[in-house]
Amino acid sequence: YRHDKSFNSIEELERVLSILIGDKARLSKATPFVNSRTVEGWRINATDKSISPIGDYTAVIRKFKDEKEKLQLVDIIEGQTLSDNMSMLLSILPKARFSFLTVGSTGSGKTVTNEIICKGIPDLDRQVYIENPCELTPARIENGVVVNDYIQLWANSEKKDPTPVDPTPNNLVENALRQTPTWIILGEARSDIEFAVLLKAATTGHNVITTFHAKDPRDAIRRYLIAYLATSSNVPAELAMDSICNSFRFIISVEKLSDGSRRIMHITEILGSDGLKPILNDIYRFEIDRVDDKGEIIGKHKRVGKLSDEAIKQMRRRGIPDNYYALYTLDPGEDEEETYNGVIK
């Protein structure tokens, strides 16, 4: 909504911007845009009046909820982001040690989705979290004691010419390989080199979770391939595609729809590749039925596939009881109804 108040003077605005940005940066004609963090940890992007055709400053603040306000699984099921059966399937992924990718647009709910799934990682699995900024809260506290094995690192990618010992995301992923990790969780893959280093981790026996921008599972594979080849042009594209499709088992696609609702649009298993074509197996999809007069999108989650034999074998190797995933081994039925916290909606 629009706010009807304004600053009293340009000097007041400049003082507020200076406080928001902090001591480490300063807007000027020489530095016309700045990415920073407020003292609360919120992201801020500010631009100088010198690059505005009407001489305006801008500041965009992205706030994050604190631990007490963060959404829980019950909340996103209640909001129909996913169904009960989908949540059960996602809870199995970390227990079975499946590497997966969560993709979507800005603000679609990728980080919230990963936060909730990562809570299912067994306590004794060492997790290395690499983020910029740090949004995930991996600590599990029981009776005032942290019970899980994790390392959380804040990556910094602001240097124009980083050295091998600067804490960039790709340097920290490289370093994580030496920290005996069970899981490497990169908050978001952004640069081409980050995609490449993450694939190196995934192909050397580490379990990997990350997010990045893509519109659906097929687009996610395409985006990953393009990013990887940009840094590894000597690798045949078919071989790169094979490595990607054999390193990650699932893709979770989330979207913020035009009516403001957030939905997990796909839970997709990656079965491998055929040349440059990924072989994908949708387990769940959100299907839109109609849009009502108020612009509300009416649809439903639907199971459209079943798990592969390879996925079932891995779950058995990890000691997951058969009844946990029995539903997902069956052909989807026409009369199968998805519930949300036990209620059909």
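Model, not experiment: these values are computed from the prediction.
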Dump the intermediate steps for side chain to side chain contact (heavy atoms under 4.5 Å, CB included) on Lys200 and Glu174, then the final yes or no.
CA-CA 9 Å; Lys200 175 184 175 182; Glu174 284 274 13; 3.2 Å; yes
Could you walk me through whether His266 and Asp216 pass the side chain to side chain contact (heavy atoms under 4.5 Å, CB included) test, one step at a time?
CA-CA 8 Å; His266 303 84; Asp216 56 41; 4.1 Å; yes
Dump the intermediate steps for salt bridge (Lys or Arg N to Asp or Glu O under 4.0 Å) on Glu188 and Arg190, then the final yes or no.
CA-CA 6 Å; Glu188 183 174 346; Arg190 295 183 177 93; 3.5 Å; yes
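Of the residues Thr102, Thr210, Thr211, the one that meets the side-chain hydrogen bond (donor to acceptor under 3.5 Å, both in side chains) test with Asn114 is Thr102.
Taking CG of Asp282 as the start and NZ of Lys302 as the end, the distance is 12.5 Å to the nearest 0.5 Å. Atoms CD1 and OG, from Ile209 and Ser99 in turn, are 7.5 Å apart once rounded to the nearest 0.5 Å. Atom NZ in Lys110 sits 6.5 Å away from atom OG in Ser105 (nearest 0.5 Å). Rounded to the nearest 0.5 Å, atoms CE (Met86) and OH (Tyr284) are 7.5 Å apart. Between atom CZ of residue Phe100 and atom CG of residue Asn207 there is a gap of 10.0 Å, rounded to the nearest 0.5 Å. Taken from CD1 in Ile184 to OG1 in Thr204, the straight-line distance is 7.0 Å, to the nearest 0.5 Å.
Counted by atom type alone, Glu194 and Ser191 present one or more donor-acceptor pairs between their side chains at under 3.5 Å. Side chains of Asp48 and Ser50: a donor-acceptor N/O pair is present below 3.5 angstrom, by distance only. Judged by distance alone, the side chains of Tyr129 and Gln127 do bring a donor and an acceptor atom under 3.5 Å apart. Using modelled atom types and a 3.5 Å distance limit, the side chains of Thr168 and Asp166 yield no donor-acceptor pair.
A salt bridge links Arg285 and Glu287; the closest N-O separation between the charged side-chain nitrogens and carboxylate oxygens is under 4.0 Å. Salt-bridge check for Arg249 with Glu269: passed, with a basic side-chain N closer than 4.0 Å to an acidic carboxylate O. In this structure, Glu12 does not pair ionically with Arg15, as no charged nitrogen and carboxylate oxygen lie closer than 4.0 Å.
Every ring pair (Phe, Tyr, Trp, His ring centres under 6.0 Å) that Phe250 has, sequence neighbours left out, goes to Phe98. A search for side-chain contact (heavy atoms from CB on, under 4.5 Å) contacts involving Ile270 returns Ile221, Cys245, Phe248, Ile251, Leu280, not counting sequence neighbours. Residues satisfying the salt bridge (charged side-chain N to carboxylate O under 4.0 Å, His left out) criterion with Asp125, sequence neighbours excluded, are Arg97. Residues passing the side-chain hydrogen bond (donor to acceptor under 3.5 Å, both in side chains) test with Ser108, sequence neighbours excluded: none. Residues forming a ring pair (Phe, Tyr, Trp, His ring centres under 6.0 Å) with Tyr328 (at least two apart in sequence, or on another chain): none. With sequence neighbours excluded, no residue satisfies side-chain hydrogen bond (donor to acceptor under 3.5 Å, both in side chains) with Arg26. Taking the ring pair (Phe, Tyr, Trp, His ring centres under 6.0 Å) definition, one finds that Tyr325 meets it with nothing, sequence neighbours left out. Residues satisfying the side-chain contact (heavy atoms from CB on, under 4.5 Å) criterion with Glu78, sequence neighbours excluded, are Asn341, Lys345. In this structure, Glu337 has no salt bridge (charged side-chain N to carboxylate O under 4.0 Å, His left out) partners at least two apart in sequence or on a different chain. Listed by chain and number, the residues in a side-chain contact (heavy atoms from CB on, under 4.5 Å) with Arg262 are Thr81, Lys256 (sequence neighbours excluded).
Nearest heavy atoms, Thr203 versus Ser247: CG2-OG, 3.0 Å. Closest approach of Gly107 to Arg62, counting heavy atoms only: N-NH2, 4.0 Å.
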For a quick test of your reading: what N or O donor-acceptor pairs under 3.5 Å do the side chains of residues 52-61 make, sequence neighbours left out?
| from | atom 1 | to | atom 2 | distance (Å) |
| --- | --- | --- | --- | --- |
| Ser52 | OG | Ile54 | N | 3.2 |
| Ser52 | OG | Gly55 | N | 3.2 |
| Ser52 | OG | Asp56 | N | 3.0 |
| Tyr57 | OH | Glu14 | OE2 | 2.7 |
| Thr58 | OG1 | Thr47 | OG1 | 2.4 |

Only distances under 3.5 Å count here; give the side-chain donor-acceptor pairs of residues 223-233 to other protein atoms, sequence neighbours excluded, each with its distance to 0.1 Å.
| from | atom 1 | to | atom 2 | distance (Å) |
| --- | --- | --- | --- | --- |
| Arg223 | NH1 | His213 | O | 3.0 |
| Tyr224 | OH | Phe195 | O | 2.8 |
| Tyr224 | OH | Leu199 | N | 3.3 |
| Thr231 | OG1 | Tyr228 | O | 3.1 |
| Ser232 | OG | Tyr228 | O | 3.4 |

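Residue Asp309 places its CG atom among 12 or fewer non-hydrogen atoms of other residues, nucleotides or ligands, all under 6.0 Å distant. Remark: Ile298 CD1 is packed, more than 12 non-hydrogen atoms of other residues, nucleotides or ligands lying under 6.0 Å away.
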